[in-house]
Each structure stands twice: as C-alpha cells, then as structure tokens.
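Here's a structure for you.
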Amino acid sequence: MNQDIARVIISEETLLHRVQEMGHEIAHAYADNPDGMTIVAVLSGAIIFLADLIRFLPMKLRVDLVTVSSYPGKTTRSVGPKLTNYSAVNVRDRDVLIVDDILDTGSTLSLVQAELTRSGPRSLRTAVLLRKPGKAPSGIEANFVGFDIEDEFVVGYGLDYDGMYRNLPYVGLLRSHLYE
Ligand code: XMP
C-alpha cells in the first residue's frame, strides 16, 4: 500500500465487482432505448470509474466530458464548484447519464444537473461511484450509487488530493497529517 494511505476503504477487486454490477443495472435501465444513451462524465475525478463502467455497457453510447473543479490546490474544503468546458456538450433530446466520482455535499451534481436540464435532454439520470449519505440536501440524488462511505476525505480510483493519488487502484483514506 502507498505509504500516504492510512487505510484501504474499498479494494481493487471490490471496486471492479461493483462497477460491473452497476453496468448491469444501468444497461437494464436503458435496455428499451433504441437510441442508446449519452454519458456526461465529470472530470477529473470520474476518469477511472468512467473507463471501467463504459466497458460494461453494451449499448450504443456517446461520451461527453465536462470539467468541474471544487478543490484548488492543497485543501479538502470545497470552495464551490466551477464548470469550465461545457460548451461542446450536446444533450438535446438525448437520454443522458451523468457519471461522477462522488456525491458529497451535492453542489457539483446540482450544478451539472441544472446546466444539462437547461439544454433539454429527453431524460436525465445520475451515476456516482461513492456517496456520503446525509450530506447532500434532499432533491440532489443519484439514480445509481456504487458505495456509501463515511464522511472522510478519500483518494484513489480517480479521486485526488492536490492532483495526486488518482492512479491508486483502490479507494483509501489519506493520512491526516498530509492534508489541510
Ligand atoms: P460535492 O461536495 O460537490 O463534491 O458533492 C463533489 C466533488 O468534490 C470532490 N470530492 C472529493 N474528492 N475525496 C476526493 O478526492 C473526497 O472525499 C471528496 N469529496 C468530494 C470530487 O471531485 C467530487 O466530484
């Protein structure tokens, strides 16, 4: 294990198994849809989840990417999300699935959901790998959730601290002396 990680929260095997299950759940939900689906993935945290998940989705699909940044530099406190590359995304009349790494306070999803809704999708659902239950206000929900976790700052499998640790194959708890 990486020496900066205090504890592995979700192992590589458990992640892959659950992501495969989520793929089946999502494929089932969109099974009757001849036009397939459009995934809008939230960079950068969703990169690994997205790459693994779409390989378990057998239907026709498009992938669009938006960038949301919430934690500039060395902080674990969100300063409020900013959406930066939304202009190329075309979701009008499409069945859209937002894919994000974690539903924490919900401000990221709320921002992305609001932007996409304005663009007139036929349907809009959300899949997140992780959720910290009870933190997001009611009304900001995900249709597909991989794991519920404690309210701790986690890294790995795409999630970062100050740009690092995304490449860890598991989700782990960062040693507390390493962050502010
Ligand atoms: P909100 O609070 O907007 O958070 O729901 C969503 C975004 O914030 C990042 N985030 C985290 N990143 N460990 C991380 O590495 C965490 O525990 C964590 N909590 C929130 C993440 O980018 C997510 O998309």
Side-chain angles (χ1 to χ4, degrees), residues 1-12 14-15 18-19 22 26 39-54 63-86 89 91 96-118 124-180:
M1 186 179 56
N2 186 302
Q3 61 191 9
D4 294 349
I5 302 302
R7 180 159 51 87
V8 173
I9 309 270
I10 310 169
S11 72
E12 185 174 0
T14 306
L15 280 165
R18 179 68 189 124
V19 172
M22 290 181 81
I26 292 165
I39 288 182
V40 175
V42 183
L43 296 177
S44 302
I47 50 172
I48 313 278
F49 177 40
L50 171 72
D52 282 347
L53 181 67
I54 59 175
V63 178
D64 277 319
L65 305 171
V66 295
T67 303
V68 175
S69 54
S70 321
Y71 295 83
K74 295 176 190 292
T75 179
T76 58
R77 281 180 298 273
S78 173
V79 294
K82 285 205 171 54
L83 193 56
T84 53
N85 67 335
Y86 183 72
V89 174
V91 298
V96 177
L97 179 71
I98 300 171
V99 170
D100 200 2
D101 53 357
I102 185 167
L103 173 53
D104 190 338
T105 65
S107 39
T108 300
L109 266 193
S110 149
L111 175 73
V112 177
Q113 286 172 344
E115 283 293 335
L116 291 175
T117 300
R118 265 197 286 280
L124 183 60
R125 286 185 267 205
T126 300
V128 294
L129 179 72
L130 307 175
R131 175 175 63 185
K132 295 181 180 175
K135 283 198 75 188
S138 61
I140 304 176
E141 279 148 28
N143 303 86
F144 306 95
V145 177
F147 303 88
D148 281 327
I149 62 166
E150 299 288 311
D151 185 12
E152 300 170 315
F153 196 80
V154 294
V155 295
Y157 197 72
L159 291 108
D160 76 306
Y161 172 67
D162 193 21
M164 289 191 298
Y165 308 109
R166 293 193 200 278
N167 54 324
L168 296 178
Y170 50 81
V171 172
L173 192 63
L174 194 61
R175 287 191 190 284
S176 55
H177 72 272
L178 293 169
Y179 61 84
E180 292 162 14

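For the numbers below, each heavy atom of this structure counts, side chains included, while hydrogens, waters and symmetry mates do not. Just follow the structure's listing: the first ligand is 1, and inside any ligand the first atom is 1.
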- With side chains defined as the heavy atoms from C-beta onward, is the minimum distance between I9 and Y157 less than 4.5 Å? no

Apply the test side-chain contact (heavy atoms from CB on, under 4.5 Å) to residues I102 and F49: give CA-CA distance (whole Å), side-chain angles for both, the deciding distance (0.1 Å), then the verdict. CA-CA 10 Å; I102 185 167; F49 177 40; over 6 Å; no

Side chains of D4 and Y161: any donor to acceptor distance under 3.5 Å? no

*Within-shell test, K132 vs ligand 1, heavy atom, strictly < 4.0 Å*: yes

Atoms of ligand 1 under 4.0 Å from any heavy atom of T105, numbered from 1 in the order shown, are 1 (P), 2 (O), 3 (O), 5 (O)

Contact region, D104 to ligand 1, non-hydrogen atoms below 4.0 Å, reads both

Note: ligand 1 atoms sitting under 4.0 Å from heavy atoms of E152 are 17 (O)

Note: D100, heavy atoms under 4.0 Å from ligand 1, region reported as side chain

So the atoms of ligand 1 within less than 4.0 Å of a heavy atom of T108 turn out to be 1 (P), 3 (O), 4 (O), 6 (C), 7 (C)

Taking only non-hydrogen atoms of D160 and a 4.0 Å limit, the atoms of ligand 1 in range are 14 (C), 15 (O)

Q: Please say whether D101 places an N or O atom under 3.5 Å from an N or O atom belonging to ligand 1.
A: yes

Nearest heavy-atom approach of M22 to A127 is CE-CB, 4.5 Å

Any nitrogen or oxygen of G106, side chain or backbone, less than 3.5 Å from one on ligand 1? yes

>> Go through it in stages, so that I can follow the logic: the residues are I26 and L53, the test is side-chain contact (heavy atoms from CB on, under 4.5 Å), and I'd like the CA-CA distance, side-chain angles, deciding distance and then a yes or no.
In response: CA-CA 10 Å; I26 292 165; L53 181 67; 4.0 Å; yes

Inset, instruction - Begin with the C-alpha distance, continue with both residues' side-chain angles, and end with the deciding distance and a verdict on side-chain contact (heavy atoms from CB on, under 4.5 Å) for L129 and F147. - result: CA-CA 6 Å; L129 179 72; F147 303 88; 4.2 Å; yes

Between V154 and ligand 1, does any nitrogen or oxygen pair lie at a separation below 3.5 Å? yes

ask   = Are any of the heavy atoms in F153 under 4.0 Å away from ligand 1?
value = yes

Nearest heavy-atom contact between A6 and R175 is N-CG, 3.8 Å

Value for OG1 (T126) from CZ (F144), rounded to nearest 0.5 Å, stands at 9.5 Å

